[in-house]
Amino acid sequence: MGNLDKLLTSENTTEGTSIAIKSTSTIAKLDIECLEKILGNFCDLSDDIETLFSCTLVNRLWCKIAIPFLWSNPFGYLRCQKHDRGWQLIRTYLSCLPDDEKTKVNKWILQADLKKPLFDYPIYLKCLDTFGFQEAMTKWKRHHWRTVWERLGHFDMDKAIGDILFSRCRGLDSLDIIFFAYTQNIAYFEEPSNGLTKLQSCKIIHDLQGRYYNYTENREQVTLNDNFKIITKYAHNIKYLEINLPESRSGRTGHELVKLLKNQKNLEEFVVREFWDISLTADVFDTLRLQSNFLKALSLIRITHFHEKLSQLLNSCPNLKILRFLEPDIRVDSEVPSFNCELTNFCVWGKPMISHFIINPNITFDLDIVKSILESSSSTLTKLVLGTFTKELCLTIFKCKKLKFLIIQASEDISSLLPLYLLSSDLQQLTLFGKHKNYFNQQTLVEFSKSLPSTLYHLDLLLEILPKDLMVLISNCSSPLKKISLHHQQNIFDDVLLFLKKYIQKNKRFTELRYIIDNKVYGEVYLDPILHALKTIPKINYVLGKNNFYPFYFQDTGYF
């Protein structure tokens with residue numbers, strides 16, 4: 001990622017670059033479409049961006065193919081890598097301004113010639129991240145604050161850059177609008193229709209960095225609604241839509257959401273946090289039913305009531321495979337309807353918290369709803385994540401013959417039922433949260449261990465367990481474990497340390513031991529000795545704190 005500096009400044013070396021990109025007869029024979037697919041594999045937000053930059057220096061052909069990938073998501077690269085020199089990105093875009101605007105910049109701001117770029121970089125933009133855009137603009141202004149800050153009143157830099165991005169790009173694939181202290185209103189830019197008509201993915205979410213943001217401030221409320229309106233007007237083919245906002249006190253934004261949903265033609269995945277007024281709930285779910293033939297995944301965050309329109313929606317979606325209720329607080333007063341959905345992935349999970357060294361995803365949810373959905377999906381379900389698990393639900397999952405991944409927090413003692421289920425299952429991953437006594441005790445520990453299926457390769461014990469019990473459990477397990485996750489143990493030294501070393505060295509197929517230390521250990525005297533001891537364990541990957549652990553652990557669930 002360090003070579004991003006070269007990427008951001010390379011446009012000013014047109015003559016030098018031509019020397020570095022001489023083509024060879026061997027490379028010229030390579031099929032162009034094949035080469036595009038190969039280089040496209042480096043177009044993610046990882047260190048592979050450095051490899052992609054190197055590809056631009058091979059020859060003219062490689063440069064011509066790699067540059068569009070490099071400039072498809074420049075603001076995303078900056079945000080992902082926390083790159084401190086985003087001002088260079090803005091400098092590059094300034095060189096792409098129309099001649100009349102370049103003259104203004106040269107006269108009022110930089111007082112230096114903006115050279116002609118090697119490529120027309122705005123046309124390659126595919127993914128626009130407003131957070132990264134604003135960060136890059138801020139870094140540019142700070143970098144030049146001695147010479148340009150007082151002159152910016154003569155020229156609206158944000159609008160000038162935004163205008164060329166929207167007017168020249170060949171159509172955005174994704175748009176992320178992230179609200180923080182100041183968020184750009186995309187309706188302010190010229191020709192937004194050019195960038196939005198091909199939009200496939202859209203996120204409108206509050207600040208993930210925890211920066212200051214006053215959601216009741218009138219200016220930001222207007223910006224939010226204006227952004228909704230402009231997307232509704234031009235983007236009608238969104239397949240992935242995520243809306244994560246705080247409660248809307250004015251109610252206007254909820255109405256804008258209904259309009260946005262009405263204008264979509266083939267929405268496949270919808271992630272939403274309940275922010276609208278309760279009076280709009282029926283309208284939201286009624287409108288969402290217009291997408292029933294396309295909807296494949298639905299994630300509802302912090303939903304407060306299970307409206308009858310929601311049950312009608314779930315029963316009207318023949319292709320719905322993924323359903324998640326995240327941090328719900330649902331209490332049902334009326335009779336629970338029967339469901340006919342056939343899910344492959346079902347998740348009900350609470351807000352992450354750690355209490356007394358026990359990870360506890362607290363949850364309030366009517367279990368009759370869970371049971372009904374499990375029964376209707378028993379023939380298709382492969383992944384189940386439940387933040388509250390009872391004996392009744394344990395009996396229900398006996399019917400789920402295709403279940404491969406089970407992540408649960410038991411809310412009562414299931415030690416007599418769980419081994420019976422495990423013996424008959426083909427689970428590949430088992431994750432246990434909460435209190436260990438709900439799963440096994442000293443009398444049932446060996447029985448639990450021996451019941452782990454022969455197909456199991458990933459075991460997560462994210463609960464407090466005595467060191468001696470841990471050794472007994474793993475020693476009696478015959479499953480071909482490749483990955484194990486353990487929650488912080490008060491005594492990781494001596495016997496446990498030696499046992500884990502020997503177990504990992506003996507098991508040649510073992511790939512990772514993940515060890516989670518919660519944030520209550522931060523700053524305490526014995527943290528350094530623990531970290532020093534962990535480093536001696538082969539194939540160890542330790543994670544400090546719940547804030548790091550949860551996104552890491554639930555990266556494939558859509559939770560974060």
Report task. Search all heavy atoms of Pro122 against all heavy atoms of Ile164 and return the closest pair with its distance. Result -> CB-O, 3.7 Å
Query raised in the report: Hey, does Glu256 have a side-chain heavy atom less than 4.5 Å from the side chain of Lys229?
Result: yes
Report task. Mark yes or no for whether Gln264, through its side chain, and Ile238, through its backbone, hold a donor-acceptor pair below 3.5 Å. Result -> yes
Report task. Write down the atom of Val271, the atom of Ile301, and the distance for their closest heavy-atom approach. Result -> CG1-CD1, 3.9 Å
Query raised in the report: Judged by atom type as modelled, is there a donor-acceptor pair below 3.5 Å linking the side chain of Asn319 to the main-chain atoms of Lys296?
Result: no
Query raised in the report: Could you walk me through whether Glu242 and Ser201 pass the side-chain contact (heavy atoms from CB on, under 4.5 Å) check?
Result: CA-CA 8 Å; Glu242 180 177 346; Ser201 172; over 6 Å; no
Query - Single hit among Leu257, Leu313, Val258 for side chain to side chain contact (heavy atoms under 4.5 Å, CB included) with Thr287 - result: Val258
Requested in this report: Give a yes or no on whether the backbone of Gln409 and the side-chain of Thr388 come within a donor-acceptor separation of less than 3.5 Å.
Outcome: no
Query raised in the report: Within the side chain of Arg168, is there an N or O that forms a donor-acceptor pair under 3.5 Å with the backbone of Ile123?
Result: no
Query raised in the report: Is any side-chain heavy atom of Leu280 less than 4.5 Å from a side-chain heavy atom of Phe275?
Result: no
**Report entry** Asp413 side, atom CG; Thr390 side, atom OG1 - distance, nearest 0.5 Å
**Finding:** 12.0 Å
**Report entry** Side-chain heavy-atom pair Tyr188, Asp226 within 4.5 angstrom cut-off
**Finding:** no
Query raised in the report: Do Leu241 and Leu260 touch side chain to side chain, with heavy atoms closer than 4.5 Å?
Result: yes
Query raised in the report: With a 4.5 Å limit on heavy-atom distance, are the side chains of Ile408 and Leu432 in contact?
Result: yes
Report task. Output, in order, the C-alpha distance, side-chain angles, deciding distance and verdict of side-chain contact (heavy atoms from CB on, under 4.5 Å) for Phe133 and Leu165. Result -> CA-CA 11 Å; Phe133 175 82; Leu165 293 180; 4.0 Å; yes
**Report entry** Non-hydrogen atoms of Ser338 and Ser372 that approach each other most closely
**Finding:** CA-OG, 3.8 Å
Query raised in the report: Does the side-chain contact (heavy atoms from CB on, under 4.5 Å) test come out yes or no for Leu267 and Leu288, once each step is laid out?
Result: CA-CA 9 Å; Leu267 184 64; Leu288 199 55; 4.1 Å; yes
Query raised in the report: Looking at side-chain heavy atoms only, is the closest gap between Phe433 and Asp460 below 4.5 Å?
Result: no
Query raised in the report: Nearest heavy-atom pair of Thr197 and Ser193: which atoms, and what distance?
Result: CG2-O, 3.1 Å
Query - Spatial distance of atom NZ (Lys126) from atom CZ (Arg170) [nearest 0.5 Å] - result: 7.5 Å
Query - 4.5 Å side-chain heavy-atom contact, Tyr439 and Leu418 - result: yes
Query raised in the report: How far apart are the C-alpha atoms of Glu274 and Leu300, what are their side-chain angles, what is the distance that settles it, and do they pass the side-chain contact (heavy atoms from CB on, under 4.5 Å) test?
Result: CA-CA 7 Å; Glu274 183 182 298; Leu300 301 169; over 6 Å; no
Query raised in the report: Is there a donor-acceptor contact under 3.5 Å from the side chain of Asn263 to the main chain of Ala235?
Result: no
Mind listing the side-chain donor-acceptor pairs of residues 396-407 below 3.5 Å, one per line with the distance, residues two or more places apart or on another chain?
unit_1: Thr396; atom_1: OG1; unit_2: Glu392; atom_2: O; d: 2.9
unit_1: Lys401; atom_1: NZ; unit_2: Phe398; atom_2: O; d: 3.4

Requested in this report: Could you tell me whether the side chain of Ile243 reaches within less than 4.5 Å of the side chain of Thr253, counting heavy atoms only?
Outcome: no
Query raised in the report: Between Glu327 and Arg302, does at least one N-O distance fall below 4.0 Å, as a salt bridge requires?
Result: yes
Report summary line: Rounded to the nearest 0.5 angstrom, the CG-CG distance for Leu310 and Leu323 is 7.5 Å
Query raised in the report: So, does Asn194 use its side chain to make a donor-acceptor pair with the main chain of Cys169 at under 3.5 Å?
Result: yes
Query raised in the report: According to the interplanar angle, ranging from 0 to 90°, do the rings of Phe346 and Phe325 count as parallel (below 30°), tilted (30 to 60°) or perpendicular (above 60°)?
Result: perpendicular
Report summary line: Ala136 and Ile90 have their tightest heavy-atom pair at O-CG1, 3.5 Å
Requested in this report: Could you tell me how the ring of Phe339 sits relative to the ring of Phe306: parallel (under 30°), tilted (30 to 60°) or perpendicular (over 60°)?
Outcome: perpendicular
Query raised in the report: Do the side-chain N and O atoms of Gln134 and Asp158 include a donor-acceptor pair separated by under 3.5 angstrom?
Result: yes
Query raised in the report: So how far is it from Thr232 OG1 to Lys259 NZ, rounded to the nearest 0.5 Å?
Result: 8.0 Å
Report task. Would you name the heavy atoms of Lys233 and His236 that are closest together and state the gap between them? Result -> O-NE2, 3.0 Å
Query raised in the report: How many angstroms lie between atom CG of Leu381 and atom OG1 of Thr344, to the nearest 0.5 angstrom?
Result: 7.5 Å
Requested in this report: Specify whether Trp71 and Tyr93 have parallel, tilted or perpendicular ring planes, treating 30° as the upper limit for parallel and 60° as the lower limit for perpendicular.
Outcome: perpendicular
Report summary line: dist Cys127:SG -> Leu199:CG (nearest 0.5 Å) comes out at 9.5 Å
**Report entry** Polar side-chain atom of Glu412 near backbone of Lys391 as donor-acceptor pair, under 3.5 Å
**Finding:** yes
Requested in this report: For the pair Lys383 (side chain) and Ile322 (backbone), establish whether a donor and an acceptor sit closer than 3.5 Å, ignoring hydrogens and angles.
Outcome: no
